[in-house]
Amino acid sequence: MSSFLRPSISGQEMTEPSRIAAQYRAITSHLAITPPVSVVIPAMNEAENLPYVFKTLPEWIHEVVLVDGNSTDNTVDVARELRPDVKVVKQVGKGKGDALISGFAACTGDIIVMVDADGSADGQEIVSYVSALVGGADFAKGSRFANGGGTDDMTTIRRLGNWALCSLVNRKFGARYTDLCYGYNAFWRHCLDKITLDCTGFEIETLINIRVVTAGLKVQEVPSHEYNRIHGVSNLNAVRDGIRVLKVILKEKAVSKAARRRPAPFSVNVPRGEAS
């Protein structure tokens with residue numbers, strides 16, 4: 001489906017064709033979508049990387065939500081200079097998980113996309129994620145190891161660790177993932193009503209992957225290429241972070257067993273930041 005977008009004329013009633021066209025966001029001259037897309041970017045001291053990240057974002061997205069983790073550089077100023085309409089959320093807590101939860105709460109789009117601020121993700125891939133969602137998936141899972149995906153930023157030990165943890169999740173929860181610890185994902189906003197996010201650290205990505213499966217949501221993997229961080233040094237540690245992810249997996253399996261014996265809600269209140 002294609003559409004041509006034009007602003008309404010002041011003082012004139014919008015005609016039916018114009019009203020229908022205005023509901024859509026043009027992606028190309030031959031493709032348009034109606035769901036508004038929000039992009040959540042957690043960032044802390046990423047001022048040097050944001051120009052590269054924002055440059056790859058499609059023009060047709062509905063909004064960019066930048067969650068600032070109390071940066072000591074000019075991350076927020078750079079973001080507002082690059083995109084004056086950016087929605088900035090000041091993070092109250094700490095950790096990537098807390099940042100994402102705060103960002104999700106501030107989104108107004110029907111589709112939410114998670115993008116890292118280090119320049120490792122190509123925003124032009126967002127159209128593939130959105131296509132998977134409008135095609136029937138609830139959750140579009142980015143994968144560096146699906147056919148067509150790739151990575152420039154993974155050591156041998158991290159690759160083996162990711163494979164082992166991914167295999168464990170597949171066996172324990174009946175998933176069919178080819179990649180587990182990757183933060184480039186997208187989902188319909190209504191998915192947040194069916195999963196509880198109560199993890200504040202890096203391992204939230206694993207938690208989301210597990211809970212969308214246990215909630216019975218339809219998952220489709222999307223091939224994605226991970227590039228090297230452009231500026232700065234990553235805080236990832238293969239052994240430390242691998243242990244944290246393993247603990248989440250074991251905890252979720254224990255919770256799953258307990259839920260089968262006695263169903264009960266499982267949630268923890270996480271502070272939200274204020275958007276500006």
Side-chain angles (χ1 to χ4, degrees), residues 39-46 48-49 52-53 56 69 95-97 99-100 113-129 132 137 139-187 197 199-214 217 219-253:
V39 176
V40 176
I41 305 176
M44 184 173 69
N45 297 328
E46 299 285 7
E48 290 185 287
N49 290 322
Y52 301 92
V53 176
T56 69
K96 184 176 184 179
L100 286 172
V113 184
M114 304 157 50
V115 176
D116 286 341
D118 58 5
S120 62
D122 181 2
Q124 292 300 316
E125 292 181 359
I126 290 177
V127 65
S128 298
Y129 288 84
F139 184 79
K141 171 76 180 76
S143 174
R144 296 161 291 185
F145 305 114
N147 187 25
T151 177
D152 299 334
D153 185 31
M154 183 168 281
T155 62
T156 300
I157 188 172
R158 284 180 56 203
R159 188 183 296 267
L160 290 174
N162 185 68
W163 173 82
L165 293 169
C166 187
S167 299
L168 182 60
V169 167
N170 289 344
R171 186 168 65 252
K172 294 292 186 182
F173 300 96
R176 296 182 178 180
Y177 293 129
T178 61
D179 198 353
L180 184 67
C181 305
Y182 189 44
Y184 199 176
N185 306 299
F187 54 89
L197 299 181
C199 172
T200 60
F202 156 83
E203 58 273 23
I204 191 172
E205 294 158 1
T206 297
L207 183 72
I208 293 174
N209 294 334
I210 292 174
R211 291 190 175 173
V212 296
V213 170
T214 56
L217 298 174
V219 179
Q220 180 175 329
E221 286 198 330
V222 176
S224 177
H225 192 98
E226 177 188 39
Y227 298 89
N228 288 314
R229 164 182 277 275
I230 299 174
H231 295 287
V233 179
S234 173
N235 293 321
L236 292 177
N237 180 284
V239 176
R240 179 199 63 201
D241 294 333
I243 292 174
R244 291 172 65 176
V245 169
L246 179 59
K247 288 181 178 179
V248 166
I249 296 172
L250 297 178
K251 179 181 177 182
E252 286 303 295
K253 190 59 181 176

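Values below: all heavy atoms of this structure, side chains included; hydrogens, waters and symmetry mates excluded. From a predicted model like this one, the values you see are computed outputs, not experimental measurements.
Judged by distance alone, the side chain of N185 and the main-chain N or O of M114 form no donor-acceptor pair under 3.5 Å. Of the possible polar contacts, none joining the N49 side chain to the G119 backbone as a donor-acceptor pair under 3.5 Å is found. Here the side chain of Q124 pairs a donor or acceptor atom with the backbone of T56 at under 3.5 angstrom. When atom types are taken as modelled, the side chain of E252 and the backbone of R211 share no donor-acceptor pair closer than 3.5 angstrom.
Taken from CG in N162 to CD1 in I157, the straight-line distance is 12.5 Å, to the nearest 0.5 Å. With values rounded to the nearest 0.5 angstrom, C199 atom SG is found 7.5 Å from R244 atom CZ. Rounded to the nearest 0.5 angstrom, F202 CZ and D241 CG are separated by 5.0 Å. Interatomic distance, H225 NE2 to D153 CG, rounded to the nearest 0.5 Å: 10.0 Å. Note that NZ of K141 is 7.5 Å distant from OH of Y129, once rounded to the nearest 0.5 Å. Separation of atoms CD1 (I208) and CG (L100) is listed at 6.5 Å; rounding is to 0.5 Å.
Across every non-hydrogen atom of V222 and A140, the tightest pair is CG2-CB, 4.0 Å. Taking both residues in full, the closest heavy atoms of I249 and F173 are given as O-CZ, 3.8 Å, listed atom of the first, atom of the second, then distance. Heavy atoms only, all atoms of each residue included: M44 and G69 are closest at SD-O, 3.1 Å. Minimum heavy-atom separation, T178 to C166: C-SG, 3.8 Å. In terms of heavy atoms, P42 sits closest to A117 at O-CB, 3.4 Å. Shortest non-hydrogen contact noted between P223 and E125 is O-OE1, 4.4 Å.
Partner of V53 under the side chain to side chain contact (heavy atoms under 4.5 Å, CB included) criterion, out of D118, I41, D122, I230: I41 alone.
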Report the C-alpha distance between V39 and I126 in whole Å, list the side-chain angles of each, state the deciding distance to 0.1 Å, and finish with yes or no for side chain to side chain contact (heavy atoms under 4.5 Å, CB included). CA-CA 9 Å; V39 176; I126 290 177; 3.9 Å; yes
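At least one side-chain heavy atom of V245 sits under 4.5 Å from a side-chain heavy atom of L180. At a threshold of 4.5 Å between non-hydrogen side-chain atoms, the residues V113 and Y184 count as touching. Using a 4.5 Å heavy-atom threshold, the side chains of Y177 and V213 count as touching.
Using a cut-off of 4.0 Å between Lys/Arg side-chain N and Asp/Glu carboxylate O, K96 and D116 are scored as salt-bridged.
For the side-chain contact (heavy atoms from CB on, under 4.5 Å) test, residues two or more places apart in sequence or in another chain that qualify with L246 are L165, L168, L250. In this structure, H231 has no side-chain hydrogen bond (donor to acceptor under 3.5 Å, both in side chains) partners at least two apart in sequence or on a different chain.
The distance between the ring centers of Y182 and F145 does not fall below 6.0 angstrom.
Evaluation of the salt bridge (charged side-chain N to carboxylate O under 4.0 Å, His left out) test over residues 167-184, restricted to residues two or more places apart or in two chains, returns R144-D179.
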